[in-house]
Asks: 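Have a look at the structure that comes next, please.
In what follows, chains carry the letters A, B, and so on, assigned in the order in which the sequence lines appear, proteins first and then strands, with residues in each chain numbered from 1.
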2 protein chains.
Amino acid sequence: MARRSQTEMAVLGALSMQPMTAYALREAIRDVLGHFWSESFGQIYPTLQALEQQGHVERREGPRAGSSTFVITASGTAHLHELLSEPITTTPSRNGLLLRLFFGRTLGSDRCRELILQARADAERSLADYEELRRTVAVEDAGSPDLPYIMTTISAGRHSAQALIAWTEEALTLLDGAT
Amino acid sequence: MARRSQTEMAVLGALSMQPMTAYALREAIRDVLGHFWSESFGQIYPTLQALEQQGHVERREGPRAGSSTFVITASGTAHLHELLSEPITTTPSRNGLLLRLFFGRTLGSDRCRELILQARADAERSLADYEELRRTVAVEDAGSPDLPYIMTTISAGRHSAQALIAWTEEALTLLDGAT
DNA sequence: CCCTCCTTATATCTGGCAGATATTTCTAAT
DNA sequence: ATTAGAAATATCTGCCAGATATAAGGAGGG
């Protein structure tokens, strides 16, 4: 199976909410989907060109000279539905923290404990962010048919952050006797 | 900051346990670090060549004709320590499941529920794997100074799988009224 | 009114990296 | 002896992130 560009899915998804410039697209993906997705300019520009050639998006006059706003077409909406229906491609995880802990004896137990404490602090901040995001979205998107779907993604972030915090406690206990 | 090859870290780490061929290296990384790391041949071969040129590994007669076993050198061990000490580079997460749920109204609520159920089944299998792995490692590596470090990585997998299962319940509830 | 800084905006290049694939050698079973 | 499969080495394509170059418009201060 030819590897599909995952970028197309995110780009078309974002454009399905409203027309945008490439720049705004990246902002939107970072700000709205940022908890579970990311795209770089290096991918967005060529992807928009490809989508334009396929007729899935149309280029309109942008907010300033030489600037373009992209609009999703009917065929683009259909293509988005197709892409969303494709089986999920799981990218192999690379967890730098766990790799360091696995070779923790080489790194040293003090360093390991520092890394875990850092991870806990990060997770606590992230958990607070998710709690606030939930409140904000509940108010701003109240009544929207998209609300329950958006809430599932925020819930995933919350559960993940909570699990991380719980894990750091157990990990510190496990390393208690380690040299 | 020049992007460092993360592959070097995993390769040197694996070779620090025992000398191996490139093929065995990939097997070891998949089987032992597989829960939080992965490497492909496309990266392992050029990385071994680079490490050899830098003197961090040495090539020895392999188990058959034209085959090479790689041994980590003293400078390689030092280099591994350096790499482990570097700040963790976080690769941006791309969660295909959450992306589909976010645009769940386009995909359809039935499809979304299927995806969530699939995720729960996967997580339950994964949780069972972690439980078994914990028992196996506790016996096989009993008394090893590496044991507590390895246990932290298994614990991370368990917590993550448990969180995923808990999330699926909440997600299904959230989608209860969704069309 | 001009200078400067920040934001918006477009675009390209390098290199990390995964996955597929081609090829050869060894081993085990039939 | 033949064949199937595993072990082993290697390369290529294409996705992708991050850095970087460039420039236009707006805001603010002097």
Side-chain angles (χ1 to χ4, degrees), chain A residues 1-11 14 19-31 33-34 36-52 57 59-70 83 86-96 99, chain B residues 1-11 14 19-31 33-34 36-52 57 59-70 83 86-96 99:
Chain A
M1 179 187 77
R3 260 201 301 170
R4 301 304 253 92
S5 166
Q6 305 235 81
T7 304
E8 285 195 1
M9 211 185 336
V11 164
M20 274 178 273
T21 65
Y23 184 84
L25 206 40
R26 202 258 189 154
E27 300 280 290
I29 290 172
R30 194 185 56 192
D31 297 343
L33 311 179
F36 52 86
W37 205 263
S38 91
E39 291 295 344
S40 62
F41 284 129
Q43 283 303 106
I44 289 178
Y45 281 97
T47 297
L48 279 171
Q49 253 179 294
L51 286 172
E52 190 186 9
V57 302
R59 192 186 289 261
R60 296 250 190 287
E61 186 73 10
R64 71 167 72 167
S67 156
S68 302
T69 295
F70 294 89
L83 290 174
E86 278 184 12
I88 295 173
T89 50
T90 52
T91 29
S93 62
R94 281 190 155 197
N95 189 321
L99 187 67
Chain B
M1 180 186 75
R3 258 202 302 170
R4 302 302 253 92
S5 165
Q6 305 235 83
T7 303
E8 285 195 1
M9 211 184 338
V11 164
M20 275 178 273
T21 66
Y23 185 84
L25 206 41
R26 203 258 189 154
E27 299 280 291
I29 289 173
R30 195 185 54 192
D31 296 345
L33 311 179
F36 52 87
W37 205 263
S38 91
E39 292 295 343
S40 61
F41 285 129
Q43 282 303 105
I44 289 177
Y45 281 96
T47 298
L48 279 170
Q49 253 180 294
L51 286 172
E52 190 186 10
V57 303
R59 192 185 291 260
R60 297 248 192 287
E61 186 74 9
R64 71 168 71 170
S67 158
S68 302
T69 296
F70 293 89
L83 290 174
E86 277 184 14
I88 295 171
T89 50
T90 51
T91 29
S93 62
R94 279 190 156 198
N95 189 319
L99 188 67

Asks: With sugar-phosphate meaning primed atoms plus P, OP1 and OP2, does A:T91 contact a base, only sugar-phosphate, or nothing at under 4.0 Å between heavy atoms?
Replies: nothing
Asks: Whether A:R60 engages the ring of A:F70 as a cation-pi pair (distance to the six-membered ring centre under 6.0 angstrom, angle to the ring normal within 45°) should be assessed.
Replies: no
Asks: If you draw the axis of the six-membered ring of A:F36, does the NZ or CZ of B:R94 fall within 45° of it and under 6.0 Å from the ring centre?
Replies: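 No, a cation-pi geometry is absent between B:R94 and A:F36.
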Asks: Dot-bracket notation for DNA chain C is requested: 5' to 3', Watson-Crick or G-U wobble pairs only, both distances under 3.5 Å, with ( ), [ ], | and . as defined.
Replies: ||||||||||||||||||||||||||||||
Asks: Short of 4.0 Å, heavy atom to strand atom, which residues of residues 36-47 of chain B count as contacting DNA chain C?
Replies: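 B:S38, B:E39, B:S40, B:G42, B:Q43, in order of number.
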Asks: Within the 4.5 Å heavy-atom criterion, are A:T69 and A:E61 side-chain neighbours or not?
Replies: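 No, every pair of side-chain atoms sits at 4.5 Å or beyond.
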Asks: Using whole Å, report how far CG of B:L48 lies from P of D:dA10.
Replies: 10 Å
Asks: With respect to the phosphate group of D:dG14, does any side-chain polar atom (N or O) of A:S5 fall under 4.0 Å of OP1 or OP2?
Replies: no
Asks: To the side chain of B:T7, which of C:dA9, C:dC17, D:dA7 is closest?
Replies: C:dC17
Asks: Without decimals, in angstroms, what is the distance between B:F70 CZ and D:dA10 P?
Replies: 7 Å
Asks: State which of C:dG19, C:dA9, D:dA8 makes the closest approach to the side chain of A:P92.
Replies: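 For the A:P92 side chain, the nearest candidate turns out to be C:dG19.
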Asks: Nearest whole angstrom, please: distance from the C1' of D:dA8 to the CE of B:M20.
Replies: 15 Å
Asks: Starting the side chain at C-beta, find the nucleotide from D:dT9, C:dA18, D:dC16 nearest to A:R94.
Replies: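 In terms of side-chain proximity for A:R94, the closest of D:dT9, C:dA18, D:dC16 is C:dA18.
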Asks: Tell me the interatomic distance from B:R26, atom CZ, to D:dA7, atom C1', rounded to whole angstroms.
Replies: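 Rounded to the whole Å, the gap is 13 Å.
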Asks: So, OP1 or OP2 of C:dT8: does either fall under 4.0 Å of a side-chain N or O from A:Y23?
Replies: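 Yes, such a contact exists.
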Asks: Starting at CD of A:E61 and ending at P of C:dA9, how long is that distance when rounded to a whole Å?
Replies: 13 Å
Asks: Report yes if a side-chain nitrogen or oxygen of A:S67 is closer than 4.0 Å to either non-bridging phosphate oxygen (OP1 or OP2) of C:dT10; otherwise report no.
Replies: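 The answer is yes; a side-chain N or O of A:S67 sits under 4.0 Å from OP1 or OP2.
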Asks: Mind listing the closest non-hydrogen atom pair of A:A14 and A:L25 along with its distance?
Replies: CB-CD1, 3.5 Å
